[in-house]
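For reference, the structure is listed below as structure tokens.
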Amino acid sequence: RSGKTREEAATLEGEGGSVLQAPTPAVAPPAAARQEEGGLRQQVFLRLMGSIFFFAFFSLYVQLPGLYGSKGLLPVEAFMDSKVPAEATLAEKMKTMPTLLWLLRLDMPTETALDLVALLGAVASAAAALSRSACNVVVFAIIWVCYFSLYQVGQTFLWFQWDILLLESGFLCTVVALAPKFNTPLGLVRLLLFKLCVLSGVVKLQSRCPTWWNLTALNWHFQSQCIPTRAAYYAHFAPEWFLRAGVASTYLLLIGCPFLFLLGPAKTLRWTGFVGTVLMQVLIIATGNYNFFNLMTVVMAFAVLRDCDLPGIVPRALLGQSRTAVAATVAPPTPPSRLRRVVVLLPQLAVLGAVVWFFVRSFAVQIALPHEGHGLISLATRVNFSEADFQAFVDKALPAGIVLAGLGLAVTLMVDAARRCRSLWDALVLLLVAAVAATYFIANLQPLTDVCSPAVRQHVPALSAQLNSHLDPYQLVNSYGLFRRMTGVGGRPEVQVELSYDGTTWEEVPFKYKVGKLNDIPDFIVPHQPRLDWQMWFAALGSFQHNPWLVHLCVRLMRDGRDSPVLPLLSREMYSSQIMEKKPVACRAFHYLYHFAPLNATGSNLWVRDTKEDYMTNLQADNPWIDSVFYHHTRYHHTTPLTPSACAANVACRVVAAVREALEWSCAKAYPVLEGPETLLTLVFVAAVAWWVLSCCCGGRRRQTRSSAAACPATSTVLQSTSEEHVKNKRV
């Protein structure tokens with residue numbers, strides 16, 4: 001500012017002079033340097049997906065003996081033997097049902113092989129979540145293969161939409177890890193998120209469910225969902241206008257926001273889509289125990305953002321770089337002029353205004369003011385379109401979204417080739433990524449247009465169906481449609497199993513997290529998924545003839561008693577029941593309808609149940625019908641078990657057994673603080689969320705402190721200069 005060079009300033013200071021020096025502003029690195037140091041989104045996405053896979057593996061690992069053990073509900077060994085003939089070779093077995101268990105069963109029992117695969121996947125995913133160097137293609141390939149191997153033999157307990165979503169997103173993780181410096185793989189993640197959200201919203205209206213069309217779905221959802229939380233109890237009694245507005249907002253967030261994912265360069269639009277998606281998932285997490293599904297959706301939403309958006313919302317430790325390196329990587333270019341900012345912002349505001357106007361017009365949103373000073377401001381909403389109108393909208397909007405996604409992938413690929421391709425290896429990797437992106441995009445044309453009319457589907461190339469037929473066995477391209485129809489309208493169906501030890505008196509079987517007791521609501525257990533409790537909810541929607549595993553549950557309790565591996569899947573209260581002394585002699589099940597008790601109801605009950613009906617009549621332990629039904633699911637076929645000495649000589653067997661015993665021992669010592677090993681997952685998740693929030697808050701405070709500290713030298717220089725000038729003038 002004084003026009004002096006650094007040497008002249010030093011000379012003047014040495015002679016008693018004073019030069020006011022302003023703090024040197026941070027200079028943004030050149031564009032090429034920023035592009036070289038990019039990849040923060042890829043790193044954050046991979047590390048967060050590593051944590052999601054860890055939750056999934058550990059949650060399944062603690063349930064393996066009761067679900068798939070030799071005395072479990074659906075023994076895996078019998079299932080695998082029933083899929084292939086005894087004389088089949090290893091290659092034929094792998095072709096029929098590809099899984100690592102075929103290889104591991106050669107040297108160890110099937111139960112040990114299951115534990116080993118789950119532990120290997122958990123260790124690999126934990127390494128990816130904790131270490132930046134572990135976020136490579138080899139680690140994520142191991143993670144995907146392990147989970148796919150378990151999915152192949154998981155049967156009905158692993159056939160959920162979030163399991164196939166985890167496999168599809170895990171495949172994209174390997175592509176992102178293969179080319180972490182390129183942005184094209186994240187474009188595939190955005191395409192997957194777009195497909196998940198849009199299809200989940202469209203199928204709700206195409207199902208013709210009256211509750212979705214009348215905007216009354218939330219009147220039943222909080223009460224009838226699989227494992228509600230205590231927050232769902234209070235949300236159920238929210239004002240009617242609030243619940244109706246919530247259903248209408250669901251359509252906006254599921255069908256409207258995903259189109260903003262495809263407009264990444266527009267900062268306002270991408271932030272609107274990101275915040276809307278994350279907000280909806282957080283509300284679902286707070287009111288329902290949907291395991292790791294909503295967390296996975298939030299993680300995929302980070303692919304919508306850019307590197308410069310992350311430092312304010314992601315802890316620096318997760319970015320894996322120093323503060324200086326992060327600032328250099330995401331440093332913005334020269335600030336645009338005010339006119340340019342206005343020119344860029346106006347079209348984005350116009351798009352958001354058009355979305356809001358279309359939403360208000362489609363749902364006839366009206367603001368109702370309080371009457372005579374009483375009450376609150378409310379919203380009046382109703383569906384203002386017909387089925388034909390909605391189908392016409394889908395036929396126009398989805399093809400437009402597909403075109404936008406395709407153009408976005410093409411532009412991103414060209415930018416990667418022009419700016420980030422520095423060597424022959426980069427060119428080869430980018431060529432492979434381009435081939436994968438083209439294949440994935442074409443294969444997704446069929447599931448994306450399945451909700452369109454035949455006039456639109458006829459334009460889909462036949463190559464899309466062919467690719468789907470080849471990729472379908474590996475769950476790489478899937479179609480989604482969560483909560484297509486609202487269940488539990490008129491009451492929440494529940495099945496309660498009862499045991500008898502003398503044939504006359506009966507007691508209910510307490511489950512860990514299933515709704516049962518009238519004075520209790522399930523705890524918050526995200527990200528754990530209790531597979532048995534979830535299937536009990538589905539069993540209440542059908543009959544026991546379509547759920548043979550329920551019969552297996554009763555038989556295991558009656559025949560194995562206290563030694564049954566199914567007991568850890570149930571509540572710890574079972575260990576204080578009569579089953580620890582003698583085996584049950586009979587089992588039965590009843591069908592009930594549960595309702596939330598009113599808020600102002602007297603007593604401590606949170607539920608009211610009625611409509612008691614027979615679900616499964618008395619099943620005697622010595623009934624010969626049990627053997628005829630149970631034989632095909634529990635009898636080993638064409639298998640020669642390994643001797644104990646052979647298994648003991650295997651180091652892997654001993655390590656796996658030691659891990660299982662140590663986990664069970666520690667949880668037994670920690671009871672009743674820990675209901676089971678799965679409680680550790682919830683504690684880890686809550687601690688991670690708290691660390692995330694505190695890191696972001698403290699990081700913002702530190703940045704503010706550094707800004708103040710940067711201004712202090714200039715202030716002190718001014719004061720010192722003023723003081724010295726005053727003394728000099730006084731001498732004169």
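Note: hydrogens, waters and symmetry copies are ignored here, and every other heavy atom, side chains too, is used.
- Between atom CZ of residue R244 and atom OG1 of residue T216 there is a gap of 7.0 Å, rounded to the nearest 0.5 Å.
- Residues T268 and Q348 have side chains that bring a donor and an acceptor to within less than 3.5 angstrom of each other.
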Test log, rule side-chain contact (heavy atoms from CB on, under 4.5 Å), inputs L606 and F596 = CA-CA 6 Å; L606 300 174; F596 274 140; 5.6 Å; no

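- Side-chain contact, D163 with Q475: no donor N or O sits under 3.5 Å from an acceptor N or O.
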Verify side-chain contact (heavy atoms from CB on, under 4.5 Å) between L188 and F441, making sure each step is shown before the conclusion.
-> CA-CA 8 Å; L188 302 180; F441 177 77; 5.6 Å; no

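- The two residues Q223 and H595 come nearest to each other via the heavy atoms OE1-CA, 3.4 Å.
- No donor-acceptor pair closer than 3.5 Å links the side chain of T277 to the backbone N or O of A301.
- L199 contributes atom CG, which lies 9.0 Å from atom CZ of R484 (distance to the nearest 0.5 angstrom).
- Here the side chain of N289 pairs a donor or acceptor atom with the backbone of I227 at under 3.5 angstrom.
- The aromatic rings of W534 and F160 lie perpendicular to each other, with more than 60° between the two planes, well past the 30° mark.
- In this structure, CG in N291 is found 9.0 Å from SG in C226, a value given to the nearest 0.5 Å.
- Counting only heavy atoms from C-beta outward, the side chains of F393 and I255 approach each other to under 4.5 Å.
- Judged purely by atom type and a 3.5 angstrom limit, T682 uses its side chain to pair as donor or acceptor with the backbone of I525.
- With contacts defined as side-chain heavy-atom distances shorter than 4.5 Å, the pair K204/F483 qualifies.
- Counting heavy atoms from C-beta on, the side chains of T381 and V247 never come closer than 4.5 Å.
- Looking only at side-chain heavy atoms (C-beta outward), C257 and M280 stay at 4.5 Å or farther from each other.
- Remark: the D389 side chain and the S386 side chain contain an N/O donor-acceptor pair separated by less than 3.5 Å.
- Counting heavy atoms from C-beta on, the side chains of L48 and L318 come closer than 4.5 Å.
- In this structure, the side chain of R41 engages the main chain of L305 through a donor-acceptor pair within 3.5 Å.
- Scanning both residues, P493 and G488, for their nearest heavy atoms gives CD-CA, 4.0 Å.
- Taking each heavy atom of F259 and G401 in turn, the nearest pair found is CE2-CA, 3.7 Å.
- The two residues R457 and D450 have their closest heavy-atom pair at NH1-O, 3.7 Å.
- F222 has its side chain out of reach of Y233: every pair of non-hydrogen atoms, C-beta onward, lies at least 4.5 Å apart.
- A donor-acceptor pair is defined here as one N or O able to donate and one able to accept, closer than 3.5 Å; such a pair exists between the side chain of R190 and the backbone of A303.
- For S362 and N384, the side-chain atoms include no donor-acceptor pair closer than 3.5 Å.
- The neighbour count for Y234 OH, taken as heavy atoms of other residues, nucleotides or ligands under 6.0 Å away, does not exceed 12.
- Side chain of W212 to main chain of A217: no donor-acceptor pair is present (N/O by atom type, distance under 3.5 Å, no hydrogens or angles).
- Residues D523 and R230 are not paired through a salt bridge, judged by the lack of any N-O separation under 4.0 Å between the basic side chain and the carboxylate.
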Is there a side chain to side chain donor-acceptor pair (under 3.5 Å) between Q161 and N478 once you walk through the steps?
-> CA-CA 9 Å; Q161 291 202 35; N478 303 286; over 6 Å; no

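- Note: F45 CZ to L310 CG = 13.0 Å, rounded to the nearest 0.5 Å.
- To the nearest 0.5 angstrom, L413 atom CG is 4.5 Å from T184 atom OG1.
- Summarising the geometry of F685 relative to V526, their closest heavy-atom pair is CD2-O, 3.7 Å, with the distance given to 0.1 Å.
- Judged purely by atom type and a 3.5 angstrom limit, Q391 uses its side chain to pair as donor or acceptor with the backbone of V451.
- With values rounded to the nearest 0.5 angstrom, L243 atom CG is found 11.0 Å from L215 atom CG.
- Ring pair F359/F363: centre-to-centre distance below 6.0 Å.
- Of all heavy-atom pairs spanning Y474 and W144, the tightest one is O-CZ2, 3.4 Å.
- Judged purely by distance below 3.5 Å, without hydrogens or angles, the side chains of N183 and T412 never pair a donor atom with an acceptor atom.
- Aromatic ring pairs are classed by plane angle as parallel below 30°, tilted from 30° to 60° and perpendicular above 60°; the pair W162 and F293 is tilted.
- A donor-acceptor distance shorter than 3.5 angstrom exists from the side chain of S224 to the backbone of T487, with no hydrogens or angles considered.
- Residues L196 and L165 are in side-chain contact: their nearest non-hydrogen atoms beyond the backbone lie under 4.5 Å apart.
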Tell me, with the steps shown, if V477 and D472 meet side-chain contact (heavy atoms from CB on, under 4.5 Å).
-> CA-CA 6 Å; V477 177; D472 184 67; over 6 Å; no

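- Between W271 and F274, the ring planes lie perpendicular to each other; the angle is over 60°, past the 30° to 60° tilted range.
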Stepwise side chain to side chain donor-acceptor pair (under 3.5 Å) test for Y480 and E168 | CA-CA 12 Å; Y480 303 97; E168 186 171 355; 2.5 Å; yes

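- At least one side-chain heavy atom of F524 sits under 4.5 Å from a side-chain heavy atom of I285.
- Within 6.0 Å of CZ on F385 lie more than 12 heavy atoms contributed by other residues, nucleotides or ligands.
- Using a distance-only test at 3.5 Å, with no hydrogens or angles considered, a donor-acceptor pair links the side chain of D309 to the main chain of R306.
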Give the intermediate values and the outcome of side-chain contact (heavy atoms from CB on, under 4.5 Å) for residues F194 and L448.
-> CA-CA 10 Å; F194 173 80; L448 279 171; 4.3 Å; yes

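- Of the possible donor and acceptor atoms, one in the side chain of Q225 sits under 3.5 Å from a partner among the backbone N and O of T287.
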